[in-house]
Structure formats: C-alpha cells, structure tokens
A.B. asks: 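Have a look at the structure that comes next, please.
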Amino acid sequence: LANRKFHPEDTVVTVGKAKIGGGNFGVIAGPCSVESEEQIVEVAKAVKASGASMLRGGAFKPRTSPYAFQGMGTPGLDLLVEARQATGLPIVSEIMAPRYVEIFEEKVDVVQIGARNMQNFELLKEVGKMSKPVLLKRGLSNTYEEWIMSAEYIMAGGNENVILCERGIRTFETYTRNTLDVSAIPAIKQMSHLPVIVDPSHAAGMYWMVEPLAMAAVAAGADGLIIEVHNDPAHAKCDGQQSLTPKKFDDLMGKVGTLVNMMGKT
Ligand code: PEP
Ligand code: MN
C-alpha cells in the first residue's frame with residue numbers, strides 16, 4: 001500500500017485547511033511538551049502568525065529517564081484543544097500506548113508515533129484503525145525498508161493517511177544529538193508515494209543548527225517540517241536547548257518560504 005510502484009501519484013494528507021504532500025508544503029510547530037495553558041496558547045498564536053499550518057505539543061513524553069518530566073498526560077491534550085480553539089490550528093500529539101487510542105481519536109487531529117515506537121507493532125495496528133492521519137517518525141536506528149513497513153502496518157488497518165518524518169538517526173557522531181539523514185527524502189520519495197517531512201530540531205539538538213538543517217531538507221524535496229518552538233526555551237521542561245524562540249522561528253519561516261517557492265511548492 002505504501003509502495004510507489006502500485007500507487008504512482010503522491011499522496012496528499014489533508015488536515016483541516018492544511019495539506020502536506022504532492023506540492024503542498026506544511027510546517028508543524030510548537031513546544032516539545034505542553035506545560036501550561038499560557039505557554040501553549042502563547043506559542044500557538046505566535047507560530048500561527050508566522051505561518052505554521054499545525055501546532056505540535058507532547059502530552060505523553062517518551063523520556064530516557066523515568067525521573068524526567070513525563071508530560072502532563074490527558075490534561076495536556078485538553079490544553080492543546082484550547083490552543084486549537086484559540087487559533088484554528090490543527091493539533092499534533094504523540095500517542096504512546098494502545099489504551100489512549102480513544103482519547104486521541106476524540107481530541108487530536110494528527111496522531112504522532114515517536115521514533116521509539118516506530119516498531120511497536122501492536123500500537124501501529126491500533127492506530128491503523130483510527131480515522132486521524134498519522135505522523136510516523138523514523139526509528140533511531142531503522143532502515144528505510146523497516147520504516148516503510150511500519151507505515152504499511154498502519155495502512156493495512158485501513159488508515160492510509162500517513163506522513164513520514166525523518167528526525168535524525170544514531171551514528172558514531174556525538175556532537176549533534178542525531179545525524180540528519182538528508183538522503184532519506186529522495187530515497188523515500190523514490191520508494192513511496194507518502195509525504196516526507198523533516199524534524200531538524202531532534203536531529204540537531206541545538207537551536208542554532210535548526211535553520212540550516214531545515215533549509216537542507218526543503219532543498220532536498222521535503223514536503224514539510226516539524227519544529228520545536230518555545231516561548232521561554234531556557235525554562236522549558238523538555239528540549240529547551242533545541243527550541244527556537246517565536247522570533248527565531250519567524251525568521252526561519254521567512255527564509256523557508258522563499259526556498260519553498262523556488263522548489264515550486266505552496
Ligand atoms: C518529539 O517529537 O518530541 C519526540 C519525542 O521526537 P522523537 O520521537 O523523534 O524523538
Ligand atoms: Mn522534543
């Protein structure tokens with residue numbers, strides 16, 4: 001179902017007024033995690049003003065340490081719903097277990113599968129039965145074939161609205177948080193008709209590297225970007241070091257917009 005051979009035309013995933021794929025470029029922006037009503041609504045308004053087409057925010061966070069902030073849980077989803085009401089932006093949030101399918105179906109617009117769950121096949125099967133589009137991140141050390149097979153799990157359940165997201169992979173380099181695999185964009189486009197977006201924030205791990213990686217992704221043909229933006233990065237509960245301020249995000253959107261036009265996308 002995901003294979004380009006049997007489906008030559010690009011898939012376009014539509015979420016409200018936002019479209020991703022087939023010449024439609026979309027930017028998803030927002031904090032790593034939802035922290036408060038004030039934070040999420042302020043960031044939502046700022047990224048909307050800069051031209052983002054969707055709002056991201058984690059309510060359930062997959063943290064390396066069990067003692068790190070785990071996210072607000074269900075109340076975080078309610079704050080995202082408030083931010084959607086305040087801005088009209090569709091909301092994207094990560095699901096970590098099958099038991100949350102019902103609440104995600106009710107509250108969110110796009111269901112994110114994080115890198116760590118790319119091969120959580122039981123979760124993929126459940127999400128495959130949902131009516132909401134899925135943002136499927138590439139696993140930390142997974143091949144293109146494995147990634148596309150995970151999309152296939154979701155599509156086999158009847159949910160064909162899958163957006164693939166390259167977010168950097170594990171390599172021997174430790175300077176960056178991950179190594180952005182730019183080759184994934186043309187390679188996946190050759191193999192599949194699904195839209196491919198890039199997360200330069202988790203690839204870089206440093207806010208100042210987000211813009212150059214974002215530009216490289218657009219130049220390589222990405223259908224969109226997902227970028228972490230926080231109104232107070234120094235005090236963020238998660239991933240502050242890689243988060244852009246609303247001002248830096250606005251600058252990035254100006255540059256990205258020019259390049260998106262040059263690539264013949266809207
Ligand atoms: C995230 O988007 O905040 C996240 C946890 O990303 P990843 O699954 O790519 O690490
Ligand atoms: Mn994050």
Side-chain angles (χ1 to χ4, degrees), residues 20 26-35 39-40 43 47 52 54-66 68-73 76-77 79-80 90-97 100 104 108-120 123-124 127 133-142 146-147 150-151 154 162-171 176-181 184-185 188 196-207 209-210 213-214 217 222 224-245 249:
I20 293 191
V27 179
I28 303 165
C32 183
S33 52
V34 180
E35 297 170 13
Q39 175 237 21
I40 194 67
V43 175
V47 300
M54 291 188 236
L55 176 69
R56 65 152 287 151
F60 298 87
K61 297 303 302 179
R63 303 305 298 278
T64 299
S65 165
F69 177 57
Q70 301 286 305
M72 292 180 74
L77 295 181
L79 296 183
L80 282 168
I91 55 181
V92 184
S93 201
E94 178 170 352
I95 189 167
M96 295 228 290
Y100 298 113
F104 272 69
V108 317
D109 301 300
V110 175
V111 180
Q112 178 173 327
I113 299 285
R116 290 155 193 81
N117 277 315
M118 190 203 86
Q119 288 190 312
N120 183 338
L123 180 60
L124 299 177
V127 163
V134 178
L135 175 61
L136 178 64
K137 290 195 150 197
R138 181 182 182 183
L140 278 69
S141 300
N142 287 109
E146 289 165 343
W147 187 14
S150 289
I154 298 166
V162 179
I163 302 165
L164 299 170
C165 176
E166 161 64 34
R167 44 79 74 203
I169 53 173
R170 282 263 160 109
T171 69
T176 47
R177 182 173 180 181
N178 291 286
T179 296
L180 181 64
D181 181 10
I185 305 157
I188 294 292
V196 185
I197 71 167
V198 168
D199 176 346
S201 307
H202 288 88
M206 298 168 258
Y207 75 89
M209 204 183 277
V210 170
L213 296 187
L225 295 167
I226 178 165
I227 294 180
E228 286 188 340
V229 179
H230 196 286
N231 53 345
D232 185 6
H235 297 105
K237 290 196 176 170
C238 184
D239 289 352
Q241 72 294 340
Q242 68 195 34
S243 298
L244 300 184
T245 58
F249 177 68

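Both ligands and their constituent atoms are indexed starting at 1 by order of listing. Quick note: numbers below take in every heavy atom, side chains included, and nothing from hydrogens, waters or symmetry partners. Owing to the predicted nature of the structure, the values given are computational and were not obtained by experimental measurement.
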A.B. asks: From the Mn ion (ligand 2), how many protein N/O/S atoms are found at a distance short of 2.8 Å?
C.D. replies: 4
A.B. asks: Taking atom types as modelled, find out whether Asn142 and Gln119 have a side-chain donor-acceptor pair closer than 3.5 angstrom.
C.D. replies: yes
A.B. asks: If you count only heavy atoms, which residues are under 4.0 Å from ligand 1?
C.D. replies: Cys32, Arg56, Lys61, Pro62, Glu94, Gln112, Gly114, Ala115, Arg116, Lys137, Arg167, His202, Glu228
A.B. asks: Does a donor on one side chain and an acceptor on the other come within less than 3.5 Å for His230 and Asp239?
C.D. replies: no
A.B. asks: Mind checking the CG-NZ spacing from Asp199 to Lys137? Nearest 0.5 Å is all I need.
C.D. replies: 3.5 Å
A.B. asks: Within the distance-only criterion (no hydrogens, no angle test), does the side chain of Arg138 pair as donor or acceptor with the backbone N or O of Ile169 below 3.5 angstrom?
C.D. replies: no
A.B. asks: Measure across Leu225 and Ala214 and return the closest heavy-atom pair with its distance rounded to 0.1 Å.
C.D. replies: CD1-CB, 3.9 Å
A.B. asks: To the nearest 0.5 Å, how far apart are CG in Asp181 and OG1 in Thr179?
C.D. replies: 9.0 Å
A.B. asks: Using every non-hydrogen atom in the two residues, find where Ala29 and Val229 come nearest and quote the distance to one decimal.
C.D. replies: CB-CG2, 4.0 Å
A.B. asks: Using every non-hydrogen atom in the two residues, find where Val210 and Pro200 come nearest and quote the distance to one decimal.
C.D. replies: O-CB, 3.7 Å
A.B. asks: Any side-chain donor paired with an acceptor under 3.5 Å for Gln70 and Arg63?
C.D. replies: no
